[in-house]
Amino acid sequence: MSGSSRRRRVIRTVIGLAAVLVLTVAGAGAWFYHRLDTNISTFDAGGVATERPPAPEPTAPGASVPVNVLLLGSDTRNDGNSDLGGGDVGVGHSDTAILLHVYADRKHAVGVSIPRDTLVTVPSCRLPSGDWTKPRTNQMFNEAFTVGESPKGNPACTQNTVEALTGLRIDHTIVVDFKGVAAMTDAINGVEVCVPNDVNSHNIKLRKGLQKIAGQPAVDYLRARYGFGDNSDIGRMKRQQAFLSAMIRKIQSQGFSLPTLLPLADAATRSLTVDEGLGTAMKLVDFAQSLQQIKLSDITFVTAPWQFSTVQKGRVDLVHPDVDTLWRLLREDRTLDGQSTGLLPEGGTAGPSPAATDGAATPAPAATPLAPEQLATTITVVNGVGTDGLAGAGSAAIRAEGFTNVSLGATTGGRLRTEIAYDPPFKAVADRLATLFPGARTTEAPGSEGVTVTLGRDYRPVPTTATAPASRPVPGGTPAAVRVALGTGAPTPAGTPGGAPTAPPATTAPLPTGVPGGIAENSRTADSDPCANLTFG
C-alpha cells in the first residue's frame with residue numbers, strides 16, 4: 001500500500017471517529033435536555049388575564065427591553081413536599097413573593113418582596129372549571145394563589161394580581177416548592193447565610209452567625225418565623241432576601257457555564273412550575289446566562305413600602321403614594337436613584353404616544369367649545385384604583401376646564417383603564433373629557449343622566465406643587481420629597497382587553513435624586529454583609 005493510500009485511510013478513520021464522537025456527545029446532550037424538559041411543569045396560560053399592562057417597547061430595533069419575573073415560593077405539601085414541610089396535603093399558598101425587575105441594560109436588577117399579608121384586590125381569576133371569579137377586595141395577597149383550591153396553587157391568579165397591583169407586565173412566573181429549594185441548594189453545595197440568633201424552635205436548630213446550609217436546613221431557614229429575630233413575616237422576608245443574595249453570589253462564583261448551570265437546572269426543574277415561556281431547559285439556561293453581566297452591587301432587594309393595617313389587625317397595607325413611586329420607577333426602567341438604563345433616553349422623560357384602541361375605545365377628539373349649559377352637566381368622578389386622592393385629582397382637572405357640576409362617586413378597585421360612560425345627549429361633553437384622559441374608553445350609558453368618569457391605572461395626575469408635605473413615620477415608607485417629585489398616586493399604565501396596550505401620557509414630574517425608600521433602610525444589595533439588617537423592629 002502506498003504512503004498516500006495509508007494517509008487517506010488514516011484521515012478517513014480520524015474523520016469517522018470524530019463524527020462518532022460528535023454524534024455521541026450531541027446525542028447525550030439531547031438526551032439530557034430532553035430529561036430536563038420532561039422535568040418541568042408549566043401552568044396553563046389560559047388563566048392569565050386578557051386585560052394586561054402593555055409590554056415595553058425597545059428604544060431602537062434589536063435593543064433589549066426590561067424583563068419582569070415573578071418568583072413565588074409555594075408551601076404546597078403535594079408531591080412529596082410534606083416530608084420537608086410537614087403537615088398534610090392541602091391548598092397551596094404563596095408565602096414568598098418577589099418581583100424581579102431585570103433592566104433593559106442587563107446590568108441592573110431589583111427584587112421587590114411583597115408581604116404575604118398585604119391587603120390587595122384579587123382580580124378576576126380562572127377556576128379549574130373554566131369559570132372566572134369576580135374581583136375581591138381587601139384580600140391577603142397570598143390568597144390569590146389559593147383561588148380554585150388546588151394543592152399546587154394558582155400561579156396565573158397571583159400573576160394577574162401583581163400586574164393589577166403594579167402596572168408592570170409580568171414576562172415570566174416561576175414557582176418553587178420545598179423540594180426545589182432543597183435540591184438547588186444541594187446542587188451548588190450549600191449557601192452561606194447568617195442566623196441572627198441561636199435557634200432551637202419548632203424542630204429547627206441553628207447556631208447564631210455565618211454558616212453554610214443546604215437541603216432541609218435551607219428550607220427551614222427560609223420558612224420559619226418563630227425563633228428568628230423578631231418572629232415577624234417582615235423579618236422572614238429580610239432573611240429570604242439575604243439568602244437569595246448569597247445564592248446569587250455562589251452561582252456567580254462558580255460561573256454561568258453549562259457545566260455549572262445544567263446540574264442546577266436538573267435539580268431545579270424537578271420542582272419548578274413555570275409559565276410556558278420558560279417551559280424548556282434551554283429557555284431557563286438562556287435566561288440565567290442573560291443575567292451573568294449583572295454585578296452583585298447592582299442587584300438590589302427591597303420590601304414594598306408597607307404599614308400595619310388599621311382595618312384588619314395583623315394585616316399589612318401598602319403605603320401610598322410611596323409604593324406607587326416604586327412601581328413607577330420600575331415601569332420607566334429607572335434604577336432606584338432615578339437613573340435611566342436604556343428604556344428611556346438618559347435624562348429624558350416618557351414621551352406621549354398615540355393610544356391604542358381595541359375597537360371599543362374612541363380616540364380622543366380635538367377639544368371643541370362647549371355651551372354654558374354643557375359645562376354644567378352632572379359629572380361623577382370615580383376612583384377605580386383605590387389610590388388615595390386619585391378621584392380628587394381627576395375632578396380638579398375637570399373643573400379646571402370650566403365644568404361646574406363635578407362630584408365624587410364611591411371608590412371601586414382593580415380598574416386598569418379609564419372609562420367615560422355617558423348618556424347619549426351628553427356625547428359632546430364625554431368627547432371633551434376624553435381629551436383630558438388620553439386612551440380612555442368612551443361608552444354609552446343610556447339613562448345615566450350625565451357623565452361618569454371612572455379613573456383607571458392609566459391616569460397619572462400631574463403634581464401641582466413642589467412643596468413636600470410632612471413625612472409619615474411608617475415602616476418602609478418613602479420620603480415626602482420623593483413622593484412629591486414623582487406625583488401623588490402614580491397610577492400604572494393599563495392594557496386593553498386582549499393585551500393591546502394603552503400608552504401612558506408624558507411624564508412631567510422631575511425624577512428623584514435619592515433612593516425612594518424608607519426603602520433605603522429596607523433594602524440590601526447582593527454584596528451586602530449577610531448578617532446586616534436581618535430583622536424588623
message = Applying side chain to side chain contact (heavy atoms under 4.5 Å, CB included), can you list everything that pairs with Q240, at least two apart in sequence or on another chain?
response = T96, L222, R236, M237
key: Spacing of L72 atom CG and I98 atom CD1 [to the nearest 0.5 Å]   = 9.5 Å
inquiry  = Quick check: do L433 and I379 have side-chain heavy atoms less than 4.5 Å from each other?
reply    = yes
key: Close side-chain approach of D105 and S64, heavy atoms under 4.5 Å   = no
inquiry  = With a 3.5 Å distance limit and no angle check, can you tell me whether R331 reaches the backbone of T166 through a side-chain donor-acceptor pair?
reply    = yes
ask   = Are any side-chain N or O atoms of T452 and backbone N or O atoms of T380, one a donor and one an acceptor, separated by less than 3.5 Å?
value = no
Y459 side chain reached by V385 side chain, heavy atoms, under 4.5 Å = no
inquiry  = As an exercise, state the distance from CG of D131 to CG of L127, rounded to the nearest 0.5 Å.
reply    = 6.0 Å
task = Would you please name every residue forming a salt bridge (charged side-chain N to carboxylate O under 4.0 Å, His left out) with E449, sequence neighbours left out?
result = none
query = What distance do T442 atom OG1 and K427 atom NZ have between them, rounded to the nearest 0.5 Å?
reply = 6.5 Å
task = Evaluate side-chain hydrogen bond (donor to acceptor under 3.5 Å, both in side chains) for T303 paired with Q241, printing each intermediate quantity in order.
result = CA-CA 9 Å; T303 301; Q241 292 171 356; 3.3 Å; yes
note = side chain to side chain contact (heavy atoms under 4.5 Å, CB included) filter on S41, not counting sequence neighbours, yields K152, T273
key: From CA spacing to verdict: side-chain contact (heavy atoms from CB on, under 4.5 Å), I398, V381   = CA-CA 9 Å; I398 293 172; V381 182; 3.7 Å; yes
inquiry  = Among residues at least two apart in sequence or on other chains, which ones pass side chain to side chain contact (heavy atoms under 4.5 Å, CB included) with R315?
reply    = D117, L119, M140, S309, Q312
message = Please list all pairs meeting disulfide bond (SG atoms under 2.5 Å apart) that have one or both residues in residues 41-73, counting only residues at least two apart or in different chains.
response = none
Residue pair E401, R432: steps toward the salt bridge (charged side-chain N to carboxylate O under 4.0 Å, His left out) verdict = CA-CA 9 Å; E401 292 296 307; R432 177 64 174 272; 3.5 Å; yes
query = Between the main-chain N or O of V429 and the side-chain N or O of Y422, is there a donor-acceptor pair closer than 3.5 Å?
reply = no
message = Using every non-hydrogen atom in the two residues, find where L100 and A109 come nearest and quote the distance to one decimal.
response = CD1-CB, 4.2 Å
task = Give every residue pair that meets the salt bridge (charged side-chain N to carboxylate O under 4.0 Å, His left out) criterion with at least one member in residues 371-386, sequence neighbours excluded.
result = none
query = To the nearest 0.5 Å, what is the distance between NZ (K107) and OG1 (T335)?
reply = 13.5 Å
query = Of N142, L165, I114, which is the lone residue that meets side chain to side chain contact (heavy atoms under 4.5 Å, CB included) with V120?
reply = L165
task = List for me each residue that meets side chain to side chain contact (heavy atoms under 4.5 Å, CB included) alongside P425, sequence neighbours excluded, and say none if there are none.
result = D423
key: N383 and L455, any side-chain heavy atoms less than 4.5 Å apart   = no
request  = Spell out, as yes or no, whether a donor-acceptor pair under 3.5 Å connects the side chain of D44 to the backbone of G47.
outcome  = no
message = Donor-acceptor check, side chain of R52 to backbone of G167, threshold 3.5 angstrom: yes or no?
response = no
ask   = Can you list the steps and then say if T378 with V451 is a side-chain contact (heavy atoms from CB on, under 4.5 Å)?
value = CA-CA 6 Å; T378 299; V451 180; over 6 Å; no
key: Any L99 side-chain heavy atom under 4.5 Å of N68 side chain   = yes
query = Would you say the side-chain atoms of T133 pair up with the backbone N or O of C125, donor to acceptor, closer than 3.5 Å?
reply = yes
note = Taken in chain and number order and not counting sequence neighbours, the residues that satisfy side chain to side chain donor-acceptor pair (under 3.5 Å) with N160 are none
Gap separating the OG1 atom of T443 from the CD atom of E419, nearest 0.5 angstrom = 4.0 Å
request  = Compare every heavy atom of A410 with every heavy atom of V382, then report the nearest pair and how far apart it is.
outcome  = CG1-O, 3.2 Å
remark   = The side chain to side chain donor-acceptor pair (under 3.5 Å) partners of T173 (sequence neighbours excluded) come to Q159
inquiry  = Can you tell me how far apart CZ (R524) and CD1 (I299) are? Round to the nearest 0.5 Å.
reply    = 13.0 Å
task = Using the test side chain to side chain donor-acceptor pair (under 3.5 Å), find all partners of S395 that sit at least two apart in sequence or belong to another chain.
result = R399
inquiry  = Between V175 and F145, is there a side-chain heavy-atom distance shorter than 4.5 Å?
reply    = yes
task = For H172, enumerate each residue passing the side chain to side chain donor-acceptor pair (under 3.5 Å) test, keeping only those at least two apart in sequence or located in another chain.
result = D275
D324 and R328 ion-paired at < 4.0 Å = no
key: Short side-chain to backbone donor-acceptor contact, T325 and P321, under 3.5 Å   = yes
inquiry  = Evaluate F141 against T158 for side-chain contact (heavy atoms from CB on, under 4.5 Å), listing each step before the verdict.
reply    = CA-CA 8 Å; F141 174 79; T158 301; 3.8 Å; yes
request  = Might you work through the side-chain contact (heavy atoms from CB on, under 4.5 Å) test for R441 and R417, ending with a clear yes or no?
outcome  = CA-CA 7 Å; R441 179 189 292 112; R417 187 176 181 182; 3.4 Å; yes
query = Can you find a pair of side-chain heavy atoms, one from V122 and one from C157, that are under 4.5 Å apart?
reply = yes
ask   = Closest approach of P54 and R169, non-hydrogen atoms and distance?
value = O-CB, 3.8 Å
ask   = Any donor-acceptor pair under 3.5 Å linking the side chain of D333 with the backbone of P66?
value = no
message = Considering only residues two or more places apart or on different chains, which pairs with a residue in residues 416-456 satisfy disulfide bond (SG atoms under 2.5 Å apart)?
response = none
key: Any side-chain heavy-atom pair of Y103 and V110 under 4.5 Å   = yes
